[in-house]
Each structure stands twice: as C-alpha cells, then as structure tokens.
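Notes follow the structure.
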Amino acid sequence: MSTWHVAEEDLRAYAQGELTAPLLWSADTHLAACAQCRALLADVGDPVALDAGWERLDAELDAPRPGWVEALLTRVGIADHTARLLAATPVLRRSWLAAVTFLLLATVGVVHTAGSPTLFLALAPLLPLAGVALSYGPTLDPTYEMAVVAPMHGFRLLMIRTLAVLVAGLGLNGLATLALPGYGLRALAWLLPALALTATGLALTPRLGPVLAPSLVGGAWVAVLLAAQAAQQTAADPLAPFTAAGQGVAGAVAALAAGLLFLVRDRFDLFNGSAE
C-alpha cells in the first residue's frame, strides 16, 4: 500500500479552496480513502468557514423543491418569490383543478342530456369567484401568513393571484365550452357574468371579508337566475342574464366593480380577513 499523504500546507490550501489542479484532484482522491489526512484536514481547517459550509448545505437540503408550476413560472422569467406565492395558491393545486375539471365534465354531460346549456352557463361564473375566494385571506388560504410577509403590496399580490386563478378557471371553462359546439356563441354567455361576479366579490372583500363577500355575491347570482327562470315565458327561451341585454348588464357591473376595486386597493394592505 502507498504511504504517500497530502502535505500539510496542501491540506491548508485545500481547506481554503486555494489548491489547484492537478494537486486538487490527487487530494480529493486521497482524502476519500485516508482517515489520517481527513483528521489532519479537520485540524488545519477554519472552523468558522466549516460551520458556514455545513449551514449552507443544511439550508440547501432543507429547501423545498419547486413543483412543476413554480418551475414553469420561473422558467418564463417570473421572480422566484412571486413564483412561489403563485404556486402556493390553493386553486392551482392538482386536487382543485381535478375537482373543477370533473364538475365541468359532469355539467357538460347534463347539458347534452337535457338539451339546454343553462346549467353550464349558471355554474361556470361561480367557479372563478370561488377560486379567488380561496386564494386570499386567513380563513381559506393556508399560505396566508407567507403572503402577509411577502415583500409586495397586498393589492398587487391579490391581483397576481386573481390573474392566475382567472387564467386557470376561465381556461377550464373555455375548454368545457368547446364541448358544446352546437350552441355557438351562446355557450360563451358565462364569460361576462364570471368577470362581474369575480370583480364584485373582490371589491366587497375589504368590507365584508373573504368568506361573506363571495358568498353574498354567489347567492345574489343564484337569486337572479331563479328570478329569471320565474319570469321565463317558455322553456326554450334563454334566461335573461344570457340574453344580449343581460350580457350588457354583466359587462357594466364588471366595469363598475373593477373601478370600485381600484378605489379600495389600499385597504388590502390593512385587511386582516374579517369584516370591519
């Protein structure tokens, strides 16, 4: 067996990261098999630098591995902290997306059986509203504490998450709409009500809270549909919210709610999740 060992001055240079090849390669190989040189390296090394190195290693090993959503967001240029906050949005998790997909597929199946898109048009606007409600506030968002200490304006964080929810929710709704080609543009009559409900729920959140606000808005939507159904003259006629006039009203409500949301944007920095 070879009796060669790494010289002490070379071990000092190795510990300080100053040893160069080819001595560095020889030292690496030898240290892996020589307990005597490893012990001497521990003696000549800087304990402060060694502790710092272990801390960096522990932090790297303990750091959560980014999921596919976070990795995709960072790859397209979104900042790391923003991507993590977005990836933590509850409605971007597979369980929520799978549940929404199943619900939409079941609804489309009912539409084909009943021969009317009313059920789909009534349900589709509620999904983005529910998604946004789950994405902000201490009651429903399990990552709320992380969002509170995030280095960004509360309203900006809300808008980032709302955009993510709308992209996912409206995207799924749009794919479900493609399964109803026989109804033409009428199958898209859910879009403006969805925007109106979501914007109204957000605008009322600082005053009523993240649970009550969307609950009242969703309840009002159901009440409007029931009233429209009671006023419906024949079963073949579309409900009032899905007519041209109803779409105009939905667009106006969406615009007014967006304006109100802009006016109360600063209140989201003080918002604690409960009604005032």
Side-chain angles (χ1 to χ4, degrees), residues 73 78-79 81-93 96 100 122-173 190-225 227 241 245-276:
L73 292 173
I78 295 178
H81 66 278
T82 302
R84 178 145 300 179
L85 288 171
L86 277 174
T89 305
V91 295
L92 293 184
R93 295 175 182 172
W96 167 266
V100 170
L123 174 67
L126 293 173
L127 296 179
L129 174 66
V132 172
L134 289 170
S135 300
Y136 192 80
T139 304
L140 299 175
D141 180 11
T143 62
Y144 178 73
E145 288 78 9
M146 183 177 73
V148 167
V149 299
M152 65 173 59
H153 193 285
F155 182 72
R156 179 169 177 248
L157 171 62
L158 175 64
M159 289 297 98
I160 289 175
R161 282 193 162 184
T162 297
L163 179 61
V165 171
L166 288 178
V167 169
L170 299 184
L172 291 175
N173 283 351
W190 57 266
L191 180 56
L192 286 176
L195 296 176
L197 295 183
T198 301
T200 303
L202 286 172
L204 295 178
T205 291
R207 171 64 62 178
L208 302 177
V211 176
L212 184 58
S215 298
L216 289 178
V217 171
W221 171 246
V222 173
V224 168
L225 293 177
Q247 294 290 288
V249 172
V253 171
L256 290 173
L260 177 60
L261 178 61
F262 179 78
L263 292 177
V264 301
R265 63 191 184 280
D266 291 335
R267 298 179 63 183
F268 284 94
D269 286 332
L270 305 175
F271 175 60
N272 61 5
S274 60
E276 294 183 359

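Just so you know, these numbers come straight off a predicted model, no measurement behind them.
Looking only at distances, a side-chain donor or acceptor of Q247 sits under 3.5 Å from a matching main-chain atom of P241. Remark: side-chain polar atoms of W221 are paired, donor with acceptor, to backbone N or O of A122 under 3.5 angstrom. A donor-acceptor contact shorter than 3.5 Å is absent between the side chain of R207 and the backbone of L204.
To the nearest 0.5 Å, atom CG of residue L126 and atom CG of residue N173 are 10.0 Å apart. Distance CG/L166 to CG/L195: 7.0 Å, rounded to 0.5 Å. Annotation: the span from T162 atom OG1 to L261 atom CG amounts to 8.0 Å, rounded to 0.5 Å. Remark: L129 CG to L202 CG distance equals 8.0 Å, nearest 0.5 Å.
The two residues G209 and P214 have their closest heavy-atom pair at O-CD, 3.9 Å. Across all their heavy atoms, P193 and A250 have their closest contact at N-CB, 3.9 Å. Here the closest heavy-atom approach between residue V264 and residue P206 is recorded as CG2-CG, 4.2 Å. Heavy-atom minimum distance, A254 versus A199: O-CB, 4.1 Å.
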Audit row: W190, L170, side chain to side chain contact (heavy atoms under 4.5 Å, CB included) steps and yes/no | CA-CA 10 Å; W190 57 266; L170 299 184; 3.5 Å; yes
